[in-house]
Amino acid sequence: MTRIEFTNSYTKEREVFTPAEPGRVRMYNCGPTVYGYAHIGNFRSFLLSDVLRRFLELEGFEVRQVMNITDVGHLTEDDIEAGEDKVIKAARERGLTPFEIAEEYESAFFKDAKQLRFKLALEHADKPETERREFFPRATKHIAEQLALLQTLLDRGYAYVTDKGEAYFDISSFTRYGRLSGNTLEKLNAGERVEIHPDKKSPFDFALWKVDDAHLMQWDPHARETWEGWYKKVPVHMDDRLRRGFPGWHLECSAMSMRYLTETIDIHTGGEDNVFPHHECEIAQSEAATDRQFVRYWMHVRHLLVSGKKMSKRDGTFFTIKQITDELGYRPEVLRYELIRVHYRQPQNFNIGSDALARLKEGNLAGLHLENLEAAKTNLARLNETVAKLRAPAPEAEPVFGFEKIAQKYGNEFRDALGDDLNVSEALAAVNMFVNEVNRLKLNADDSAVALDQMRIFDSVLAIMDIEEKAQEIPPEVHALVQKRAEARAAKDFAAADAIRDELANLGFEVKDTPKGADIRRLN
RNA sequence: GGCGGCAUAGCCAAGCGGUCUAAGGCGUCGGUUUGCAAAACCGAUAUUCUCCGGUUCGAAUCCGGAUGCCGCCUCCA
């Protein structure tokens, strides 16, 4: 078995990975806030969790994975005092209900996730909400769990209720606050940006419950029939002073990971921007409530930059998944390849080239070629070309002495690389070297089968290749043209043959001459 | 103001004190193959890791400084 080590962003150290329960991994991944379309940076983070899960499964672990869908509680920057929620804000701006907004962007997220071969979505996205809830829990469906956690924190003296009827976590009561991010209370106080909040004991106390009776997304903390969620652990009595409103953003992750995983989970992932305040607050509220370690291994994905800069809506340097696939016509697998190929603890530069960057800023997307995606596309095509070749091996080839050993060597390199803090770059190097080896050797049917199995193993983690043969629909008229071209070539009428090749290209088909005859395939 | 990260070829990117005269991908140039292509393969493409010092028998890798870039602290993956 492969030695697995991860860099734990809590301890800042590399640690050998072993789950709390042998053979079974419990993992929670911070998912989307459904107030708009997910962008490629969001998916870099989501896909890390997917690669991680797939790798752990390759290593024989049973992985229980949960990704939250945030549909309430995520406050906007421009209205912190009023506590306006992102989803509520989007609803107001578009004249829809927050539930409609959440619904719309949740299904958009699932569509993107499935296209990008996110395994958890492939498995559960198409189920009814009540059935997928344990894998993709929505915050609004777990109000009861959040209230239960809140009451526990109040009971234990870690939180307080304000005169307005809101609840805040008292960070001075939790001595480990700041250990994850380095933002301890003293250091926060040393910073300049301290604004005094009238209701809070400390400006850094974070919201557990916000009062709001102006919007649809609000719950009465005392009327349990309005709560949705799990009733087993609901407190008999909620603090009387709490008033109608909605839960703070951080609360959902603690409540839902305890609900569907356990109080101490093995892995929690998210983007680097979640370190503070989100994850810092999750640790505080979870550990204050349970007296147990919340997360054993924290893993944070560094940002994806577009040509060296953070994506910006204002500058227009911003890509949704939809834009890349639908508008620019890149296969989702190409985008997935690009988004997983760089080590997760390294900021990734999605370099699109200066021409494309200029045009992007003008909002002129049509026909744009993005440098990094072009590179990914070319490399992926080579991988798929090799897979196709392995599926139809040359009949006359001789067996290669010790080919299993060769395949095994690259297989081990691949797994070792992934075990080495999920070094996908290095793992991909092993895949490419194996492909090079395979293309150099002329493999017979048996060796090809071995090689194809190896490719299948690689792709069980990478999920980028066309491993299983897709039935290519070749229309009869295309077949007829290919036939005509073959006749022209046999008659050495190459001008006619080339003309037919152009004609086929116009129809969207590429024809390649191989020793075994013409190979036709649909372009793109 | 507080906290943190990064600087490796034209581009992306691995590298965690010796096996580094530095993986892998893309690009470029030359070749094999092909009617021409495409694909595939072969070869070339950083004696060098932003700069300056230091530690060490030995540094891209550790330490100090300089310069540049980036992130978090407020919404964000």
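By convention in this document, chain letters (A, B, ...) are assigned in the order of the sequence lines, proteins followed by strands, and residues within each chain are numbered from 1.
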Using a 4.0 Å heavy-atom cut-off across all strands, classify Ala375(A) as base, sugar-phosphate, or nothing. sugar-phosphate
If only side-chain N and O atoms of Asn439(A) are considered, is one of them under 4.0 Å from the OP1 or OP2 phosphate oxygen of rC41(B)? yes
What is the base-pairing partner of rC36(B), counting Watson-Crick and G-U wobble geometry with both distances under 3.5 Å? none
By nearest atom, which of the nucleotides rG71(B), rA23(B), rC42(B) is closest to the Glu272(A) side chain? rG71(B)
Rounding to the closest angstrom, what is the interatomic distance between rU48(B) and rA37(B) at atom C1'? 39 Å
Atom P, compared across rC75(B) and rC12(B): separation rounded to whole Å: 32 Å
Whole angstroms only, please: what is the CG-P distance between Leu370(A) and rG27(B)? 15 Å
In whole angstroms, how far is the P atom of rA77(B) from the CZ atom of Phe118(A)? 14 Å
Name of the residue among Asp421(A), Thr7(A), Thr269(A) meeting side-chain hydrogen bond (donor to acceptor under 3.5 Å, both in side chains) with Tyr344(A): Asp421(A)
Inter-nucleotide C1' distance (rG58(B), rA23(B)), Å rounded: 22 Å
Ion pair Glu106(A)/Arg138(A), N-O distance below 4.0 Å: yes
Checking rG35(B), rC41(B), rA77(B) against the side chain of His39(A) (C-beta onward), the nearest is rA77(B)
Would you say the side chain of Asn183(A) and the base of rC72(B) hold a donor-acceptor pair, judged only by whether the two atoms sit under 3.5 Å apart? no
Determine whether a donor-acceptor pair (one donor, one acceptor, N or O, separation below 3.5 Å) exists between the side chain of Arg501(A) and the base of rC36(B). yes
For the side chain of Met433(A), starting at C-beta, report the closest nucleotide among rA37(B), rC41(B), rG24(B). rG24(B)
For RNA chain B, determine which residues of residues 483-498 of chain A have any heavy atom closer than 4.0 angstrom to one of its atoms, and list them numerically. Arg485(A), Arg489(A), Phe494(A), Asp498(A)
Grab the CG-P distance between Leu443(A) and rA40(B) for me, whole Å please. 15 Å
Summarise protein proximity over nucleotides 7-15 of chain B in one line of letters, 5' to 3': B for base, S for sugar-phosphate only, - for none, counting protein heavy atoms closer than 4.0 Å. ----SBSSS
Is the gap between the ring centers of His300(A) and His279(A) under 6.0 Å? yes
Starting at atom CZ of Arg345(A), determine the distance to atom C1' of rG71(B), rounded to an integer number of angstrom. 16 Å
Is there a Watson-Crick or G-U wobble partner for rA22(B) with both distances under 3.5 Å, and if so, which one is it? none
Is any side-chain N of the basic residue among Arg485(A) and Asp513(A) closer than 4.0 Å to the acidic one's carboxylate O? yes
Without decimals, in angstroms, what is the distance between Tyr28(A) OH and rA77(B) P? 13 Å
Would you classify Gly308(A) as touching base, sugar-phosphate or nothing, given that sugar-phosphate means primed atoms plus P, OP1 and OP2, and contacts are heavy atoms under 4.0 Å? sugar-phosphate
Can you measure Arg440(A) atom CZ to rA39(B) atom C1' for me and round it to whole angstrom units? 17 Å
Opposite nucleotide pairing with rG1(B), Watson-Crick or G-U, both atom distances under 3.5 Å: rC73(B)
Please check if the number of heavy atoms outside Lys492(A) that lie under 6.0 Å from its NZ is greater than 12. no
Show the numbers, then the answer: is there a salt bridge (charged side-chain N to carboxylate O under 4.0 Å, His left out) between Glu272(A) and Arg345(A)? CA-CA 9 Å; Glu272(A) 59 171 317; Arg345(A) 281 193 302 105; over 6 Å; no
May I ask you to say what Leu304(A) touches in the nucleic acid, namely base, sugar-phosphate or nothing, with a heavy-atom cut-off under 4.0 Å? base
State whether Lys310(A) places a side-chain N or O below 4.0 Å from either non-bridging phosphate oxygen (OP1 or OP2) of rC72(B). yes
State whether Asn432(A) places a side-chain N or O below 4.0 Å from either non-bridging phosphate oxygen (OP1 or OP2) of rG24(B). no
Closest heavy-atom pair and its distance - Val387(A), Met455(A): CG2-CE, 3.9 Å
How is Gly41(A) classified with respect to the nucleic acid when contacts are heavy atoms under 4.0 Å: base, sugar-phosphate, or nothing? base
Before giving the answer on salt bridge (charged side-chain N to carboxylate O under 4.0 Å, His left out), spell out for Arg501(A) and Asp498(A) the whole-Å C-alpha distance, their side-chain angles and the decisive distance to 0.1 Å. CA-CA 5 Å; Arg501(A) 186 161 61 196; Asp498(A) 291 349; 3.4 Å; yes
Nucleotide opposite rA59(B) in a Watson-Crick or G-U pair, distances under 3.5 Å: none
Mind checking who rC6(B) pairs with, Watson-Crick or G-U wobble, both distances under 3.5 Å? rG68(B)
May I ask you to say what Arg44(A) touches in the nucleic acid, namely base, sugar-phosphate or nothing, with a heavy-atom cut-off under 4.0 Å? nothing
Could you tell me how far rG5(B) sits from rC41(B) if I compare only their C1' atoms? Round to whole Å. 42 Å
Base-pairing mate for rA13(B) - Watson-Crick or G-U, with both contacts under 3.5 Å: none
Output the rounded distance in Å from NE2 (His278(A)) to P (rU74(B)). 15 Å
Does rC41(B) have a Watson-Crick or wobble mate here (both distances under 3.5 Å), and if so which one? rG31(B)
Whichever of Lys442(A) and His303(A) has the more 5' nearest nucleotide on RNA chain B, that residue is Lys442(A)
Assess whether a salt bridge exists between Arg440(A) and Glu437(A), defined as any Lys/Arg side-chain N lying under 4.0 Å from an Asp/Glu carboxylate O. yes
Polar contact flag, side-chain donor to acceptor under 3.5 angstrom, Glu374(A)-Tyr330(A): yes
Quote, to the nearest angstrom, the P distance that separates rU21(B) from rU61(B). 14 Å
Say we look at rC57(B) and rU32(B): how far apart would their C1' atoms be, to the nearest angstrom? 47 Å
Which heavy atom in Arg331(A) sits nearest to a heavy atom in Arg117(A), and how many Å separate them? NH2-NH2, 4.4 Å
Position toward the 5' end of RNA chain B (nearest nucleotide), Arg382(A) or Thr378(A): Thr378(A)
Sticking with atom P, work out how far rC49(B) lies from rU19(B), rounded to a whole angstrom. 16 Å
Can you tell me if the side-chain N/O atoms of Asn436(A) get under 4.0 Å from OP1 or OP2 in rC42(B)? yes
With rounding to the closest Å, how many angstrom separate the C1' atoms on rG15(B) and rG53(B)? 24 Å
Which residue in the set Leu368(A), Leu360(A), Leu373(A), Asn372(A) passes side chain to side chain contact (heavy atoms under 4.5 Å, CB included) when paired with Ile352(A)? Leu360(A)
What's Asn379(A) touching, base or sugar-phosphate or nothing? Going by heavy atoms closer than 4.0 Å. sugar-phosphate
For Ser181(A), answer base if it contacts any base atom (sugar-phosphate contacts may also be present), sugar-phosphate if it contacts only those atoms, and nothing otherwise; contact means non-hydrogen atoms under 4.0 Å. sugar-phosphate
Let me see the working for Arg3(A) and Asp420(A) under salt bridge (charged side-chain N to carboxylate O under 4.0 Å, His left out), right down to the final yes or no. CA-CA 8 Å; Arg3(A) 178 185 175 86; Asp420(A) 183 12; over 6 Å; no
Asp513(A) CG - rA37(B) P separation (whole Å): 12 Å
